[in-house]
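In what follows, a structure is listed as structure tokens, so that the remarks can point back to it.
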Amino acid sequence: MPLQFVGTIESLGSEVAGLSIGDRVMSPFTASCGACFYCSKGLTCRCSHPEAQLFGWIQEPAPGEPGSSRPRGLHGGQAQYVRVPLASSTLVKVPDDVSDEEALLLGDILSTAFFCAERGGVAEGDTVAVVGLGPVGLLAVLAARHLGAARVFAVDGVPGRRAQAAKFGAEPLAPEDAAAAAAAATGGRGADVVLEAVGAGGALALAFDLVRPAGVVSSVGVHTAAGWPFTPVDAYNKNATLRFGRCPARAYMERVLPIVQSKKWPFADIITHRMSLREGVRAYDMFERRKEGVIKVVLDPWR
Ligand SMILES: NC(=O)c1ccc[n+]([C@@H]2O[C@H](COP(=O)([O-])OP(=O)(O)OC[C@H]3O[C@@H](n4cnc5c(N)ncnc54)[C@H](O)[C@@H]3O)[C@@H](O)[C@H]2O)c1
Ligand SMILES: [Zn+2]
């Protein structure tokens with residue numbers, strides 16, 4: 001899914017303000033108008049402008065669907081050129097001290113990781129568990145530590161990813177060991193906050209098992225299941241707070257920018273492969289099968 005991209009402005013629409021040809025810009029993974037009810041609350045991912053859609057996600061109208069017969073969505077950035085609607089409010093100029101790769105992370109996964117940890121309410125001294133250690137989960141480990149977590153359990157079945165999380169200061173755990181370890185570390189209570197970064201029912205079930213009564217599960221995984229892996233009764237009995245959803249990356253990327261500019265976070269460990277767009281099929285295969293220690297691949301359409 002070609003959601004995050006960075007580039008240089010080649011041409012401008014007549015209504016674009018505040019941007020010039022030649023500007024180096026980064027884009028969040030959704031366009032946004034900057035002025036509607038949701039944008040004014042910082043929820044740019046739910047902008048109500050009709051052009052404010054996901055990059056790299058084209059949806060054909062269902063047969064017989066009323067209204068427009070045109071597909072919805074925006075073409076993605078895995079191309080040499082991309083059209084950005086609502087450009088004045090969607091794009092952000094990249095400061096000189098921020099690299100293209102750092103800008104890419106801001107447009108999606110770094111912002112998402114930070115959003116996940118903040119929505120979990122991670123606070124000083126908390127015990128946090130991160131379920132899923134792909135690029136989003138690994139950055140969520142860093143975000144949880146940044147927000148003051150005293151202990152971070154990092155849960156994934158892939159040993160190499162657990163090892164990377166350990167380098168980020170987390171305590172690595174296989175999924176089958178996680179519940180016992182979280183309970184042992186907290187007098188049997190469970191984690192104060194669980195950050196779910198997988199998008200699968202098994203992972204959500206594990207997150208719910210790991211959280212203590214009256215704790216918070218913050219989920220950014222994109223789920224496709226029609227049902228829940230736990231019941232309303234389970235949720236009641238735990239007094240659990242559950243938070244879900246898409247990251248408002250346009251709002252977060254400017255908030256997280258100072259962290260990137262501090263150069264203190266080890267982002268270099270997240271982008272493991274740099275490939276030409278011509279090698280895109282191989283890159284997707286590597287990512288899918290987690291080959292060659294891949295975490296995040298950057299595709300360059302000009303190479
Ligand atoms: N909410 C948002 O705005 C937003 C933005 C970006 C990505 N996402 C979503 O975040 C999720 C993570 O993205 P990613 O790129 O890091 O994905 P990824 O596929 O690279 O990583 C997922 C990791 O979860 C692990 N995993 C699978 N099942 C598990 C389980 N039961 N317990 C523990 N770990 C398990 C896998 O081994 C893998 O390492 C995806 O669902 C993605 O679509 C959401
Ligand atoms: Zn809007």
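Note that ligands are numbered from 1 as they come in the structure, with each ligand's atoms numbered from 1 the same way.
- For H146 and F114, the gap between ring centers is short of 6.0 Å.
- In the candidate list V294, T112, V130, D156, D156 is nearest to atom 23 (C) of ligand 1, counting heavy atoms.
- Annotation: V158 places no N or O atom under 3.5 Å from an N or O atom of ligand 1; distance criterion only.
- Atom numbering of ligand 1 starts at 1 in the shown order; those under 4.0 Å from a heavy atom of V155 are 33 (C), 34 (N).
- Ion pairing between a basic and an acidic side chain is recognised when a charged N comes within 4.0 Å of a carboxylate O; K291 and D285 show such pairing.
- In this structure, the side chain of T272 does not engage the main chain of V294 through any donor-acceptor pair within 3.5 Å.
- Partners of H223 under the ring pair (Phe, Tyr, Trp, His ring centres under 6.0 Å) rule, at least two apart in sequence or in another chain, do not exist in this structure.
- At least one heavy atom of R290 lies less than 4.0 angstrom from ligand 1.
- The NZ atom of K296 lies 13.5 Å from the CZ atom of F267; values are rounded to the nearest 0.5 Å.
- With a heavy-atom cut-off of 4.0 Å, F287 touches ligand 1 through its side chain alone.
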Evaluate side-chain contact (heavy atoms from CB on, under 4.5 Å) for L133 paired with V158, printing each intermediate quantity in order.
CA-CA 8 Å; L133 302 173; V158 180; over 6 Å; no
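- Taking 4.0 Å as the cut-off between side-chain N and carboxylate O, D97 and K263 do not count as a salt-bridged pair.
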Take M275 and M286 through the side-chain contact (heavy atoms from CB on, under 4.5 Å) test and state the conclusion after the steps.
CA-CA 11 Å; M275 296 165 76; M286 285 167 58; 4.0 Å; yes
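- The line from CZ of R162 to CG of L138 is 12.0 Å long, rounded to the nearest 0.5 Å.
- Polar contact with ligand 1: present for V136 (N/O pair, distance under 3.5 Å).
- When all heavy atoms of E51 and L74 are compared, the pair lying nearest together is O-CD1, 4.1 Å.
- Remark: ligand 1 atoms within the under-4.0 Å shell around heavy atoms of R246 are 1 (N), 2 (C), 3 (O).
- Between R243 and E118 there is no salt bridge, since no side-chain nitrogen of the basic residue lies less than 4.0 Å from a carboxylate oxygen of the acidic one.
- Residue V220 places at least one N or O, backbone or side chain, under 3.5 Å from an N or O of ligand 1.
- In this structure, R250 contributes its side chain and S89 its backbone to a donor-acceptor pair below 3.5 Å.
- A distance-only check finds a donor-acceptor pair linking the side chain of S99 to the backbone of E102 [under 3.5 Å].
- For the pair G157 and ligand 1, the shortest N or O to N or O distance does not fall below 3.5 Å.
- Residue-and-atom listing of protein N/O/S atoms under 2.8 Å from the Zn ion (ligand 2), sorted by chain and number: C33 SG, C36 SG, C39 SG, C47 SG.
- At a 3.5 angstrom cut-off on N or O pairs, G202 does not count as close to ligand 1.
- At a heavy-atom distance under 4.0 Å, atoms from both the backbone and the side chain of V222 approach ligand 1.
- Taking 4.0 Å as the cut-off between side-chain N and carboxylate O, K238 and D234 do not count as a salt-bridged pair.
- Each of the atoms 3 (O) of ligand 1 lies under 4.0 Å from some heavy atom of F29.
- No part of H223 comes within 4.0 Å of ligand 1, judged by heavy-atom distances.
- The aromatic rings of F230 and F208 lie parallel to each other, with less than 30° between the two planes, well short of the 60° mark.
- For E196 (side chain) and V198 (main-chain N/O), a donor-acceptor pair under 3.5 Å exists by modelled atom type.
- Backbone and side-chain nitrogen or oxygen atoms of A197 are examined, and none is located within less than 3.5 angstrom of a nitrogen or oxygen of ligand 1.
- Within ligand 1, counting atoms from 1 as listed, the ones closer than 4.0 Å to a heavy atom of V131 are 32 (N), 33 (C).
- Looking at ligand 1, you'll find an N or O of P135 within less than 3.5 Å of one of its N or O atoms.
- Heavy-atom distances between G245 and ligand 1 reach below 4.0 Å in at least one pair.
- Here is the list of ligand 1 atoms found below 4.0 Å of a heavy atom in C247: 1 (N), 2 (C), 3 (O).
- Of the polar atoms of D108, none of the N or O atoms is found under 3.5 Å from an N or O of ligand 1, judged by distance alone.
- Relative to atom 28 (N) of ligand 1, the option among V198, L138, L173, I295 with the closest non-hydrogen atom is V198.
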